[in-house]
Peer 1: 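I am attaching a structure below and will ask some questions about it afterwards.
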Protein chains: 2
Amino acid sequence: MSESTTRDHIVEAADKLFYEQGYEHTSFTHIADAVRISRGNFYYHFKSKDEILDAVINERLANTRSALEQWEAENSKPADRIRCFIQIMINNRDKIKLYGCPVGTLSTELTKLNHASKAGANELFSLYRTWLCRQFMLLGRKADADQLAMHLLARSQGVATLASAFHDEAFIRQEVRILCDWLAGLKEKNS
Amino acid sequence: MSESTTRDHIVEAADKLFYEQGYEHTSFTHIADAVRISRGNFYYHFKSKDEILDAVINERLANTRSALEQWEAENSKPADRIRCFIQIMINNRDKIKLYGCPVGTLSTELTKLNHASKAGANELFSLYRTWLCRQFMLLGRKADADQLAMHLLARSQGVATLASAFHDEAFIRQEVRILCDWLAGLKEKNS
DNA sequence: GACAAATTAGGACGTGCGTCCTAAAAATTG
DNA sequence: CAATTTTTAGGACGCACGTCCTAATTTGTC
């Protein structure tokens, strides 16, 4: 029942490295050095580099799902839940400043590589999209809930991209404030 | 005085390929096939792959500068000039849908690679930033002109990222409409 | 402690990459 | 047309990569 912990270490290290320096640019040697195992040992746990990527994506999907569930469980008001989403930009501001958004940058890279797992990476976006859509519906915006979800996702992506390009942490805080105001303004339009 | 046209062809093909499939993933063979020249011939025109990247960035910088100048020359009102900027998302929607924003995706990639030319790529962002900043100042928003410029840049980046992830062209049009409304609302706050 | 299974180490293999070198071809000049 | 420079072609080189193979080691079981 208990999985080998080495596999988890590999996925964990690959997750971090794929985020920090990109999937293509990360080699087996990089991951091996991080996990402190032999390069040949990989192929006992994974058949290929692509399989590691799939494992990383699946773990990110699982982590995201549980985070969304938690936000939903810990907050009864949909606006507070959405604020949780916005808040992750503040919580992860250090890494965003350096590496951008892990969801957006992976999606962008795999799309350019036309990689087989690009659909899996975009599934991460869909996870947030449908969750946010549901929250906006609960907020009384049934008609344009998905539009609002996409809008908020796009705003977040843009913040991450520019914060990373200019290494500007204050910009993140500023935009988060604007987004919270935008959210507060939305509530007044409840039906 | 007249430069060899081969060099221009190389830069042109590299520009296109770097945009479509990323810098790292584009090899000399790819460019050579596009330009129809021998692989060894590159090193007469460029000493390294990085040098081609610099040439591509410099051309993009020059093209951007002339585009900004033209928008400024053809429109007397700053709001109309800003609308020109927003409008490029419509004009380039086909490519954005497939490959995202050329500025943002290159900046993201070079940042992850920690490439020496990442500063040059970010200079493209700065070009738009300072130009937009100036337009917002002319619009009477002296106090928060740079903030508005960054905000608009971020919104554009987010739109490109999500449009590419979901291959959604309608989303681009939708967000452009919202951005134009946002811009129109700004004008009312003129001092 | 002997045996089997699971796990790891380390290196071999082929491929594609960026780079470099040299000779051929083309263009230019007198 | 000869001489010289500019431009191109094609392949060699070393290196790093993903992949694969096999032997050693560790772990678990009776």
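Convention: sequence-line order gives letters A, B, ...; per-chain numbering from 1.
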Peer 1: From D:dT6, C:dT8, D:dT19, pick the nucleotide closest to the side chain of A:Tyr44?
Peer 2: C:dT8
Peer 1: Does the pair A:Lys97/A:Asp168 count as a salt bridge with the N-to-O cut at 4.0 Å?
Peer 2: no
Peer 1: Under 4.0 Å between a side-chain nitrogen and a carboxylate oxygen: does that hold for A:Glu12 and A:Lys16?
Peer 2: no
Peer 1: Quick one, A:Glu20 and A:His30 - any side-chain contact, counting heavy atoms below 4.5 Å?
Peer 2: no
Peer 1: Within this structure, what is the CZ-to-P distance between A:Phe42 and D:dC17, rounded to whole angstrom?
Peer 2: 12 Å
Peer 1: Whether the side chain of A:Ser38 and the base of C:dG10 hold a donor-acceptor pair under 3.5 Å is what I'd like checked.
Peer 2: yes
Peer 1: Quick one: is D:dC17 close enough that its OP1 or OP2 comes under 4.0 Å of any side-chain N or O from A:Ser27?
Peer 2: yes
Peer 1: Starting from P on D:dT22, measure out to OH on A:Tyr43 and report it in whole angstrom.
Peer 2: 17 Å
Peer 1: Between atom NE2 in A:His30 and atom P in D:dC17, what is the gap in whole Å?
Peer 2: 6 Å
Peer 1: Side chain of A:Lys49 only, heavy atoms from C-beta on: which candidate in D:dG10, D:dT19, C:dA9 is closest?
Peer 2: D:dT19
Peer 1: Can we say B:Glu169 and B:Arg173 salt-bridge, meaning some charged N sits less than 4.0 Å from an Asp/Glu carboxylate O?
Peer 2: yes
Peer 1: Please report the distance, rounded to the nearest Å, between CD1 in B:Ile10 and P in D:dT8.
Peer 2: 8 Å
Peer 1: In whole Å, I'd like the distance from the CD atom of B:Glu24 to the P atom of C:dG18.
Peer 2: 10 Å
Peer 1: Quickly work out the A:Arg39 CZ to C:dA12 P distance and round it to whole Å.
Peer 2: 11 Å
Peer 1: Which sits closer to the 5' end of DNA chain D, A:Gly40 or A:Thr29, going by the nucleotide each is nearest to?
Peer 2: A:Thr29
Peer 1: Nearest-Å distance, CG (A:Asn41) to P (D:dT25)?
Peer 2: 15 Å
Peer 1: Measure the distance from NE2 on A:His45 to P on C:dA9 and round it to the nearest whole Å.
Peer 2: 9 Å
